[in-house]
Protein chains: 2
Amino acid sequence: MSSRGDWNELRGRRMAEPGAAEAYESTRLAFELGRAVRELRERRGWSQTELAEAASMTQSAIARFEAGGTVPTLPVLERLARALDVELAVGFQARSDAA
Amino acid sequence: MSSRGDWNELRGRRMAEPGAAEAYESTRLAFELGRAVRELRERRGWSQTELAEAASMTQSAIARFEAGGTVPTLPVLERLARALDVELAVGFQARSDAA
DNA sequence: CCAGGACATAGCATCGATGCTATATGTATC
DNA sequence: GATACATATAGCATCGATGCTATGTCCTGG
């Protein structure tokens with residue numbers, strides 16, 4: 001069920017929108033990036049609040065992001081990468097058409 | 001002189017802002033992504049107008065983007081990648097700290 | 001010189017992400 | 001039960017990217 005979620009529903013609705021293959025991909029990306037950050041954060045044993053401080057953000061912003069609640073912007077991704085001491089990679093690749 | 005530029009100045013100012021290492025990186029990224037798209041587009045022999053159509057955008061948006069005039073959003077990058085038949089890659093990597 | 005195509009900018013409306021504050025749960029711990 | 005910390009959401013203000021339309025400039029061809 002949607003249980004305590006709400007952004008979960010939002011995501012679901014977004015991904016279901018017809019024709020918007022692009023929106024679907026973005027939402028998927030947002031979700032994956034959120035998971036990645038959560039992993040990196042937990043690997044460091046940091047709380048959302050700690051990461052928030054390190055990235056000049058608020059705990060709520062981190063929570064929203066990790067939940068895939070919004071499609072992050074590059075500046076934010078940069079800040080998170082910096083805080084987590086990793087590198088943000090963005091670019092185009094030859095289509096592998098995996099899947 | 002700033003010649004015909006203006007976004008050039010904007011970029012310059014942005015990248016010069018002190019302390020904003022994050023903003024600097026984003027601007028740099030925007031610039032590189034713009035170049036990448038321009039290359040892919042020209043490689044295909046497309047005009048900005050043609051790419052714009054393929055990506056459901058306007059010529060002016062493409063121009064602004066290629067010039068690095070703004071930091072693009074993931075949805076837009078997705079659309080461009082799709083139009084150019086390449087894959088958008090976004091993620092975190094171990095810091096190589098090159099340079 | 002004029003017409004047409006390509007690219008650069010401008011100016012403004014709108015949408016959506018982020019910032020911020022407050023709060024609701026949930027889970028220990030004492 | 002009260003306290004304390006972590007995470008999830010809400011609601012609203014603001015900022016910035018994108019959409020759109022209209023030009024301006026440069027080139028090239030007739």
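All heavy atoms count here, side chains included; hydrogens, waters and symmetry mates do not. Numbered from 1 within each chain, the chains take letters A, B, ... in sequence-line order.
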Round to the nearest Å and state the distance from [X] atom [atom1] to [N] atom [atom2].
| X | N | atom1 | atom2 | answer |
| --- | --- | --- | --- | --- |
| B/L77 | D/dA17 | CG | C1' | 12 Å |
| A/R64 | C/dA22 | CZ | C1' | 14 Å |
| A/E53 | D/dA6 | CD | P | 11 Å |
| B/E78 | D/dA17 | CD | P | 19 Å |
| A/L74 | C/dG16 | CG | P | 18 Å |
| B/L29 | D/dA17 | CG | P | 13 Å |
| B/F65 | D/dG19 | CZ | C1' | 16 Å |
| B/I62 | D/dA17 | CD1 | C1' | 14 Å |

Test of understanding: with side chain to side chain donor-acceptor pair (under 3.5 Å), list the residues that count as partners of [X], not counting sequence neighbours.
| X | value |
| --- | --- |
| A/E39 | A/R43 |
| B/T58 | B/S60 |
| B/E42 | none |
| A/Q59 | A/Q48 |

Using nucleotides 28-30 of chain D, report all nitrogen or oxygen pairs with the protein that are shorter than 3.5 Å.
none

With a 4.5 Å limit on heavy-atom distance, are the side chains of B/D85 and B/R44 in contact?
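The answer is yes, as the side chains (C-beta and beyond) meet within the 4.5 Å cut-off.
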Please identify each residue that fulfils side-chain contact (heavy atoms from CB on, under 4.5 Å) with [X], with sequence neighbours left out.
| X | value |
| --- | --- |
| A/A52 | A/I62 |
| B/E50 | B/W46, B/S47 |
| A/A81 | A/V86, A/L88, B/F92 |

Bend angle of the helix from C/dC1-D/dG30 to C/dC30-D/dG1 from five-pair axes at both ends, rounded to 10°?
30°
Could you list the protein-to-nucleotides 3-7 of chain C atom pairs, N/O on both sides, closer than 3.5 Å?
{"from": "C/dC7", "atom 1": "OP1", "to": "B/R41", "atom 2": "NH1", "distance (Å)": "3.3"}
{"from": "C/dC7", "atom 1": "OP2", "to": "B/Q48", "atom 2": "N", "distance (Å)": "2.8"}

Tell me every residue that passes salt bridge (Lys or Arg N to Asp or Glu O under 4.0 Å) with B/E32, counting only those two or more places apart in sequence or in another chain.
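With neighbours one apart ignored, the set is B/R28.
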Please determine which of B/T73, B/T27, B/L33 meets the side-chain contact (heavy atoms from CB on, under 4.5 Å) test together with A/L74.
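Checked B/T73, B/T27, B/L33 against A/L74; only one passes side-chain contact (heavy atoms from CB on, under 4.5 Å): B/L33.
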Please determine, for the side chain of [X], which listed nucleotide ([options]) has the closest atom?
| X | options | value |
| --- | --- | --- |
| A/T70 | C/dA17, D/dT18, C/dA22 | C/dA17 |
| B/S60 | C/dT9, C/dT21, C/dA17 | C/dT9 |
| A/V76 | C/dG11, C/dC20, C/dT18 | C/dT18 |

A/R79 side chain N/O closer than 4.0 Å to the phosphate oxygens (OP1, OP2) of C/dA17?
no
Comparing B/T73 and A/A61 on DNA chain D - which has the more 5′ nearest nucleotide
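Nearest-nucleotide comparison on DNA chain D picks A/A61.
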Does A/R82 use its side chain to pair, donor to acceptor, with the backbone of A/A55 at less than 3.5 Å?
no
Can B/E66 and B/R41 be counted as an ion pair, charged N to O under 4.0 angstrom?
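Salt bridge between B/E66 and B/R41, a charged N being under 4.0 Å from a carboxylate O: yes.
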